[in-house]
Amino acid sequence: MTKFIFSVHLFITYLALSCSTLANEPVTIHVGVLTDAGLLTSYTEATHNKPCNEIDTYAYSNSTRTYTESLLICQALRLGGINPKFKFIEFPTEHRLLKSINEGKLHMMFSSTWLEDINPEKVFYTDAIIDKGSFEKGIYTLPEHKKLLAVKNLEELTKYSALSNQSYHADWAALKQMDIRTYSVHKWPLMFKMLQAGRADFLLAEFSPHEDMAIYTDDIKVIPVANMKIVLNSSRHVIVNKSLASAEVIFNALQSGLAKLKQQGVVNKAYKELGLFDPRVKNWKILCCKPQ
């Protein structure tokens, strides 16, 4: 009996050491990114010569939510016990990126996804990284559009037109609910060029941490209409394709790590730095889509 117990202890010790060794082995993760998002450059610069879990700043001048979420996802995977080795694949549009994840051509993307865009038969999805009713956006227009910047309510806003993308389901639904004349544009930078060309009046955008909350794309500046915002009535999650190698390992690490980051307040800190959770707009009038 003593010999048996000793053998069991030896086996458990060996198993623990083996698991520890395996946890340090890189896990290859195929990640999709948008071609025009500038993410690869910014992410590579941020993590150059150091692991992502050593980074505690989640935004920089003109950074995007995708950049912030790429760091959170990387940190969550490490906290969850794996050493991720990312292989990046670029896509021209978010629609094609999501389609490729569902088809099993890559594991995941470096950003969150609206709940309504998730196919649970094809992908695992984490608990909400952004809770329902927490995602706010501003009415952004050119600084010289003085008439629109003077708008005070939804009735006045309906006189103007917007640019969005029909694949941005939550944004599109909000604009339709507000009865705004809206034109679909397939790429974010093109929206700014069309605003500058006078093809429409505004777009919906996440608030930026700049003092004037300005956003710049291709040297085109937009600012929010003061004291008005919308709340998108959905939650956002991180998805992992179910069919690929290491899918469950990747997902379980991600789910566990994100839970720890939320509990530690890191997720909230990151989104505040980005401007997404902005206390400056706390008392702004909600034009649309209060959580039900």
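Keep in mind it's a predicted model, so treat the numbers as computed, not measured. For the single chain, residues carry numbers from 1 onward in sequence order.
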Are there over 12 heavy-atom neighbours, none belonging to [X], within less than 6.0 Å of that residue's [atom1]?
| X | atom1 | result |
| --- | --- | --- |
| His145 | NE2 | yes |
| Glu211 | CD | no |
| Glu103 | CD | yes |

task = List for me each residue that meets side chain to side chain donor-acceptor pair (under 3.5 Å) alongside Glu155, sequence neighbours excluded, and say none if there are none.
result = none
inquiry  = Going by the rule side chain to side chain donor-acceptor pair (under 3.5 Å), which residues pair with Thr28 if we only count those two or more places apart in sequence or in a different chain?
reply    =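 Thr28: no side chain to side chain donor-acceptor pair (under 3.5 Å) contacts found.
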Using only atom types and a distance under 3.5 Å, with no angle test, would you say the side chain of [X] pairs donor to acceptor with the backbone of [Y]?
| X | Y | answer |
| --- | --- | --- |
| Asn241 | Ile101 | yes |
| Ser100 | Arg96 | yes |
| Thr64 | Tyr67 | yes |
| His107 | Ala245 | yes |

pair [X]-[Y]: side-chain heavy atoms closer than 4.5 Å:
| X | Y | result |
| --- | --- | --- |
| Gln75 | Leu261 | yes |
| Thr158 | Ile180 | yes |
| Val31 | Ile89 | no |
| Val123 | Ile118 | yes |

query = Any salt bridge (Lys or Arg N to Asp or Glu O under 4.0 Å) pairs touching residues 250-263, not counting sequence neighbours?
reply = Asp131-Lys262
ask   = Can you list every pair that meets salt bridge (Lys or Arg N to Asp or Glu O under 4.0 Å) and has a residue in residues 163-179, with sequence neighbours left out?
value = Lys137-Asp171
Do [X] and [Y] meet the criterion of a side-chain donor-acceptor pair at a distance under 3.5 Å?
| X | Y | value |
| --- | --- | --- |
| Tyr271 | Glu69 | yes |
| Glu206 | Tyr140 | no |
| Asn165 | His186 | no |

message = Against Phe207, only a single residue in Trp284, Phe135, Phe277 fulfils ring-ring contact (aromatic ring centres under 6.0 Å, His included); can you say which?
response = Trp284
Could you pull out all donor-acceptor pairs under 3.5 Å where a side-chain atom in residues 217-232 meets a protein atom, sequence neighbours excluded?
residue : atom : partner : partner atom : Å
Lys221  : NZ   : Asp212  : OD2          : 3.2
Lys229  : NZ   : Glu136  : OE2          : 2.9
Lys229  : NZ   : Val281  : O            : 2.9
Lys229  : NZ   : Lys282  : O            : 3.4

For the hydrophobic clusters of this structure (ILVMFWY residues joined by side-chain heavy atoms under 4.5 Å, transitively), does one cluster hold both [X] and [Y]?
| X | Y | value |
| --- | --- | --- |
| Leu203 | Met194 | yes |
| Phe91 | Leu244 | no |
| Val185 | Trp172 | no |

inquiry  = If the test is side chain to side chain contact (heavy atoms under 4.5 Å, CB included), which one of Val151, Leu142, Ile139 qualifies with Phe202?
reply    = Ile139
task = Please report the closest heavy-atom contact between Ser208 and Met213, naming both atoms and the distance.
result = OG-C, 3.1 Å
key: Heavy-atom closest contact (Ser184 atom, Gln166 atom, distance)   =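 Smallest interatomic distance, heavy atoms only, reads OG-N, 3.1 Å.
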inquiry  = Any carboxylate oxygen within less than 4.0 angstrom of a Lys/Arg side-chain nitrogen, looking at Glu273 and Lys269?
reply    = yes
request  = List in chain and number order the residues that pass side-chain contact (heavy atoms from CB on, under 4.5 Å) with Asp127, two or more places apart in sequence or in another chain; answer none if no residue qualifies.
outcome  =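 By the side-chain contact (heavy atoms from CB on, under 4.5 Å) rule, Asp127 matches Gln255.
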message = Quick check with a 6.0 Å cut-off and a 45 degree axis cone: is Lys242 positioned over the face of Phe124's six-membered ring?
response =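 Output yes; distance and angle both within limits.
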request  = Would you check if the distance from the ring center of Phe86 to the ring center of Phe110 is below 6.0 Å?
outcome  =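 Phe86 vs Phe110: aromatic centres under 6.0 Å.
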